[in-house]
Amino acid sequence: MTNYHLGPKSALTLLLTTCAFTLPWKIQLALLCLVVLLPFIAPPLRPISPKASRTFLKFIWFSCTLGAVIVFVNGLLIRGDEITYEFGPIVLSTEGIVFGLQTAPRLLLISFSILLLFISTPIRSIIDRLQESGLPRTMVMVLLLALYFVETLPDRIERIFVAQEARGAPIRASLLSRLKALVTILSPLLLSSLSESVERGTALELRGFLVSTLSVPPPARARTPHIATIVFLCVSLLLVAYRILVWLRP
Amino acid sequence: MSIMVQNLSFSYSTDRKILKDVSLTIAPGEFLLIVGRNGVGKSTFLKLLNGIRKPTSGKVLIDGMDTRENSVASLARKICVTFQNPADQIFAPTVFDEVSFAPRNLKRTDPESIAQKALQLCGLEHHKTSHPYDLPPAERKLLTIASAVASDATYLAFDEPSAGLSSIEQNLLEHVITSLLAEGKGLLVVSHDLPFFFRYATRVVVLENGSLSFSGHAEELMEREGILRRAGLRLPPLVRAKRIISAMEKKREVGGDDVVTL
Amino acid sequence: MAASLIIEHLTFQYSDGTPPALSDFSLTVPTPSCCAILGPTGSGKTTLLHLLVGSLMKHHPSSIAHGSIMINHVRYEPAPKEVLFPTVGLTLQDPYVQLSGIRETVHSEVALTLELLGTEPSMIDAQVQKTLRELGLYELSHRRPNTLSGGETQRVALATVLVADPLLLLMDEPATALDYGAQAQLKSTLRHLKEKTTLLITDTHIDFVLEVADRFVVLDKGTCILSCSKAEFLAHLPELGNLLPVDDWREVLKLRERRSPHTERVFKALGFT
């Protein structure tokens, strides 16, 4: 038996994911526009740090590009009777484009719904919640250490890039040279980060981690679900029910 | 031919200036020791020299090349900056690959033999095929120094190169410094290890609150007690001993008591 | 309370066929006191500390060890196989690694140690505050650990171990990363600490430990070549040139040979007592 209750933000993520599978693409597209605006208008969804908000803005641009690419590639690859656009060897079929338009908002809506949760919630608090739900303390510590590892990785990459540049590698010359550099440093970088994680683990062990058998997880706090959680969950359920009904209709 | 730092100011944000109106020049064959408290901006100063950071105002010219107009990679032919933490710069799968990275990227002629020579100079030849992370920390530090030597740049800048070295590696470092100076390289070292570096430094500058509070010879600096204390510097033991003796003799002359404090 | 430490004929090899990292090492440290373990890179200093705290035998089950270690009247043959924290505490060479990185403030980073030990939650806060006060870190309580200076990080790293009141405290090269001002601060902390705890400090230099330690051990490739009082250590200093950076000190010792009337007082002022 678990004491875990879904928070309102997790429920919203669930709701948006449900929408991505149940609603027509035009509504999804409209919803997507709303979701992009949410961090700016809804205080609980505000990014927790300047870094988080930068990530969000970057992802908006990235998703525009991704969306366009999906539509274009589908248009190009799916053959159909109707041609929307033709230029030399480039032939875009209407069916392909429509399929692309159906797929792209779904993918982006799911991505944004997850991103929304992560930019507005310190990951630590997610892990805290996991601990409250009865996850063993050891697991929680390992998760936190892994998290530290992931959190510091971009900084490490940047520092090694700077060091490579200082020794004559044209890192900033193009995206390709950055990518090439990233590929070459990735495995040594993981190795060095891993060896540091091992040292950090040793240090924790020397401070009593896994030494004592006395440690017990803190008692779980009883929580009543937030009203927003209930609403989001109900709407999700209704959507699924509606979808099933539509599907069952002869 | 020299490094010219002219009225250099730098800040990360508007509220705190890291460097204020710093000017100095370094010629090839010189050894400039930069000292100051932890966090005073010494490391930032090195990053401004090779263009990783750009001046907020003023300018840095490396043999006439303005750091604002040239990329870090192109400045690397002239100046090679080595950072304090080896983990921030070691990335190659073998020691040899690591050392030959700079000469290959900088298109030096015969990068292999340059790398080989640098390894020899730093006493790391026997580790040539080792993985850098199999080296003990002190030798990893020497590896970063060897990598800088192999860049064959006119000016070499190091951030705390003596930190964490035991006497074996310190002797090697002494050897590296004297060889580089004999070759006519310009050296810039950021450190608080005055007892180790004062013998080699042709000039010492003290960075305090973003400006140079002292610029001159090490012997002169050792007379300036206030600056030494504020910069968190320690005198070499022999100098300290001689100071105490002369202070005692002075007290004896005037007939004071024997209590002498450092 | 401080723990007594008696090491007898300790030999340690990481695996069969490798040269011993420690050979036939014996040491008795009186309580409370401070003992310096000196030697160049690879001389076995860190190995010794990890053997004492128990992490080495635990993580290298295929290692080979002989001899015995007695800590606080408990005998381990050849060495403890479980981490002995909080009886024995060890601070690592790199203070940045000592901090877990998973806590938001200095206070909660230090409290983590007690949480890991399963200390009664209502006791934790007071104990952490007391430790922070003792180390002069109280003002930093609410700072984020990754914004501290090198010297501050080193002292917080020490706090994460001291908060559990270890009877035997081992420190691996605590002075390495510090400037002189920060070293002076740490020195005064340790001088205070050695009144009530048994301290073992490693270093590759002598300047720092000279003003803190009462006993000096010099290791070379795992062999103890000197284990003595401060006076004897100073007498042997000129012979240690290939192991420790003593050039400057050699010159200082020459002054002593001149035996001028006030040299003894000079030496006292330099930390030779």
Side-chain angles (χ1 to χ4, degrees), chain A residues 48-51 121-132 135-156 158-159 192-221, chain C residues 46 49-50 52-56 58-60 80-105 108-121 124 144-146 156-166 169-172:
Chain A
I48 42 165
S49 66
K51 203 172 153 193
T121 322
I123 304 181
R124 280 164 223 293
S125 76
I126 298 176
I127 294 175
D128 282 349
R129 291 287 300 277
L130 285 175
Q131 187 169 2
E132 280 171 28
L135 198 70
R137 165 171 239 132
T138 322
M139 263 321 281
V140 172
M141 292 294 296
V142 171
L143 274 177
L144 283 171
L145 285 174
L147 175 67
Y148 182 79
F149 172 81
V150 174
E151 269 184 343
T152 52
L153 207 57
D155 279 349
R156 276 160 201 273
E158 192 50 40
R159 269 181 290 185
S192 76
S193 304
L194 218 62
S195 83
E196 201 199 294
S197 297
V198 169
E199 264 189 75
R200 228 171 258 283
T202 308
L204 272 177
E205 186 184 23
L206 294 174
R207 285 168 64 187
F209 180 43
L210 295 177
V211 170
S212 162
T213 48
L214 293 168
S215 42
V216 283
R221 267 180 287 158
Chain C
T46 304
L49 297 193
H50 282 269
L52 291 175
V53 78
S55 58
L56 196 53
K58 185 179 174 190
H59 293 298
H60 292 81
K81 292 183 180 63
E82 283 302 321
V83 174
L84 296 182
F85 193 72
T87 310
V88 184
L90 167 62
T91 62
L92 302 178
Q93 192 179 342
D94 182 354
Y96 293 96
V97 171
Q98 178 87 33
L99 303 187
S100 70
I102 61 177
R103 288 298 171 101
E104 300 287 327
T105 65
S108 74
E109 177 67 54
V110 175
L112 177 64
T113 304
L114 296 179
E115 289 169 28
L116 291 171
L117 286 171
T119 307
E120 177 67 34
I124 290 179
R144 280 179 74 91
N146 59 6
V156 173
L158 178 59
T160 62
V161 174
L162 274 186
V163 72
D165 258 328
L169 177 65
L170 317 171
M171 300 183 81
D172 200 1

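The figures that follow rest on heavy atoms only: side chains count, while hydrogens, waters and symmetry mates do not. Throughout, protein chains are lettered first and strands after them, A, B, ... in sequence-line order, and every chain is numbered starting at 1.
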Colleague: When you look at C:L116 and A:L204, which way does the side-chain contact (heavy atoms from CB on, under 4.5 Å) test go after all the steps?
Modeller: CA-CA 9 Å; C:L116 291 171; A:L204 272 177; 3.8 Å; yes
Colleague: If I compare all heavy atoms of A:R207 with all of C:E109, which pair ends up nearest, and what's the gap?
Modeller: NH2-O, 2.6 Å
Colleague: Answer with side chain, backbone, both or neither: which region of C:S55 has an atom nearer than 4.5 Å to a non-hydrogen atom of chain A?
Modeller: side chain
Colleague: I need the residue from C:T160, C:T91, C:L92 with the largest number of non-hydrogen atom pairs under 4.5 Å to chain A.
Modeller: C:T160
Colleague: Counting only non-hydrogen atoms closer than 4.5 Å, does C:V53 touch chain A with its backbone (N, CA, C, O), its side chain (CB onward), both, or neither?
Modeller: side chain
Colleague: Is C:L99 close to chain A through its backbone or its side chain, or both, or neither, when contacts mean heavy atoms under 4.5 Å?
Modeller: backbone
Colleague: Between atom CG of C:L90 and atom CD of A:E205, what is the distance when rounded to the nearest 0.5 Å?
Modeller: 11.0 Å
